[in-house]
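The structure appears below as C-alpha cells.
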Amino acid sequence: MEGPGVQLIKEKLSYLKGSFVFEVSGNSKIDKEKLLGKELLSVDSVGKQLFLIFEGVALRVHFGMYGSFRINNPKPDKVPRLLLRFNKDGKRPVDLYFYNTSLRLVDPRELNLDNSVDVLSENFDREKALEKIKSDERVISDVLLDQEIFAGIGNIIKNEALFLAKVHPESISSKIPDDVARDLIDKSVYFSQVFLEHRKKGWPLKKVLLVYNRKFCPLCDSKLKVRYVGKSRRKTFFCEKCQRLYL
DNA sequence: TATAATGTTTGAAC
DNA sequence: AGTTCAAACATTAT
C-alpha cells in the first residue's frame with residue numbers, strides 16, 4: 001500500500017481519538033497487553049507508516065503488500081494480526097482489526113513524525129528533495145522509492161511520476177537537470193494527490209494510470225518497455241521515445 | 001489455475 | 001565487517 005492509502009486510513013481512524021482500549025487479541029507477537037486500558041491520543045502517518053499513539057506507547061502499522069484493516073466487520077474464519085476493542089463514549093464498542101500488517105510498539109518519545117519528507121504532507125520540503133536527487137548516484141527509479149527521501153511513494157506512483165515528467169527510469173539521479181528534477185518532484189506530489197482523491201471517492205485507480213500495467217504509450221502510441229529496474233528490481237513501465245535518459 | 005504483485009524486515013551467505 | 005540477496009509474510013487480481 002502506498003502513501004495515499006495510508007493517509008486515507010489515518011483519516012478514517014481519527015474519530016477513535018479519545019477512546020480507550022479495553023480488550024486486545026490477535027496472533028501478532030508484539031506485547032499487546034501494553035495497549036490495554038490506554039487512551040488513543042492521536043492517529044498519525046508518515047509516508048507508508050501509520051501510528052496509533054497512546055499514552056506512553058505507540059503502535060506502528062505497516063501494510064506492506066497485503067495489509068488491511070476492518071472495523072466491526074472481521075474477515076470470516078481468519079485470525080486477525082491484531083484486534084483492538086475500543087469503548088467509544090460508553091456506546092457500543094468499536095472493534096478495530098488489522099490483517100497481514102507488520103506491527104511494532106515504539107516509545108512515543110522516540111517517535112519521528114517529521115513529515116518534511118512525506119510527499120502528501122503540507123510540510124513536504126521540495127528543495128531538500130531536489131538536493132537529495134542531485135547528490136545521489138543511484139538510478140532515479142531507486143531514489144524515488146527511497147522512503148527516507150520520498151516517503152509514501154511506491155512502485156505505482158514512481159512509474160507514473162517518471163512518465164509525467166518524461167524521465168527514463170534508468171537515468172542517473174544526479175545527472176538530471178535541475179528544472180527536470182523539480183518537475184519530477186512536482187509530478188510525484190501531483191500524482192500522489194490524484195491517487196488519494198481517487199481513493200477517497202472509491203474510484204478505480206486503473207483509470208488514471210498512464211503507464212503502470214499498460215501496453216502502449218498514451219503520448220506516441222508506441223509499445224511500452226517493461227523492465228525490472230535498479231537495485232530494487234521493481235517492475236517498471238516506460239516509453240523509450242517519450243522518456244529521456246540522463247547519464 | 002497459476003502467477004505475480006500498491007513492500008519491508010530479517011538473517012544467511014558471500 | 002559490509003554488502004547482497006532470498007525468504008518470509010499470506011492476499012487478491014488477472
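Throughout, protein chains are lettered first and strands after them, A, B, ... in sequence-line order, and every chain is numbered starting at 1. Keep in mind it's a predicted model, so treat the numbers as computed, not measured.
Atom pair A:Arg104:CZ and B:dT10:C1' shows a separation of 12 Å (rounding to whole Å applied). Between the C1' atom of C:dA10 and the CE atom of A:Met1 lies a distance of 15 Å, rounded to the nearest Å. Between the P atom of B:dG7 and the NZ atom of A:Lys48 lies a distance of 4 Å, rounded to the nearest Å. Atom CZ in A:Phe98 sits roughly 17 Å away from atom P in B:dT8 (whole-Å rounding). Separating the CG atom of A:Asn155 from the C1' atom of C:dA13 is a distance of 16 Å, rounded to the nearest angstrom. Per the geometry, CZ belonging to A:Phe150 stands 15 Å off P belonging to B:dG7, to the nearest Å. Taking atom CZ of A:Arg138 as the reference point, atom P of C:dT4 lies 12 Å away to the nearest angstrom. Rounded to whole Å, the distance from CD1 on A:Ile156 to C1' on C:dA13 is 12 Å.
At C:dT14, one or more side-chain N or O atoms of A:Lys206 fall inside 4.0 Å of OP1 or OP2 (strictly under the cut-off). Residue A:Tyr99 places none of its side-chain N or O atoms closer than 4.0 Å to OP1 or OP2 of C:dT12. For C:dT11, the OP1/OP2 oxygens have a side-chain nitrogen or oxygen of A:Lys78 closer than 4.0 Å. Between A:Arg234 and B:dA4 there is no side-chain polar atom (N or O) within less than 4.0 angstrom of OP1 or OP2. Note on A:Lys235: every side-chain N or O is 4.0 Å or more away from OP1 and OP2 of B:dA4.
At a threshold of 4.0 angstrom between heavy atoms, the contacts of A:Lys75 are confined to the sugar-phosphate backbone, with no base atom among them. Within 4.0 Å of A:Arg81, counting heavy atoms only, lie sugar-phosphate atoms of the nucleic acid but no base atom. Among the protein residues, A:Phe195 comes within range of the nucleic acid bases, having at least one heavy atom under 4.0 Å from a base atom.
Electrostatic pairing of A:Glu160 and A:Arg214 does not count as a salt bridge here, judged by no charged N lying under 4.0 Å from a carboxylate O. Remark: A:Glu240 engages A:Lys225 in a salt bridge, criterion side-chain N to carboxylate O under 4.0 Å. Salt bridge A:Arg182/A:Asp186: absent, no basic N to carboxylate O contact under 4.0 Å.
For B:dT1 and C:dC9, the C1' atoms lie 23 Å apart once the distance is rounded to whole Å. A gap of 24 Å separates the P atoms of C:dA1 and B:dT9, to the nearest Å.
For the pair A:Ser102 and A:Glu2, nearest-nucleotide mapping onto DNA chain B gives the more 5' position to A:Glu2.
With C:dA10, C:dT4, B:dG7 as the candidates, the nucleotide lying closest to the side chain of A:Tyr66 is C:dA10.
Ring geometry for A:Tyr99 against A:Tyr97 counts as parallel: the plane angle stays under 30°, on a 0 to 90° scale with 60° as the upper cut.
Hydrophobic clustering, with ILVMFWY side chains joined whenever heavy atoms are under 4.5 angstrom apart, keeps A:Leu8 apart from A:Phe124.
In terms of the ring pair (Phe, Tyr, Trp, His ring centres under 6.0 Å) criterion, residue partners of A:Phe237 (sequence neighbours excluded) are, by chain and number, A:Tyr212.
Across all strands shown, C:dA10 forms no Watson-Crick or G-U wobble pair with both distances under 3.5 Å.
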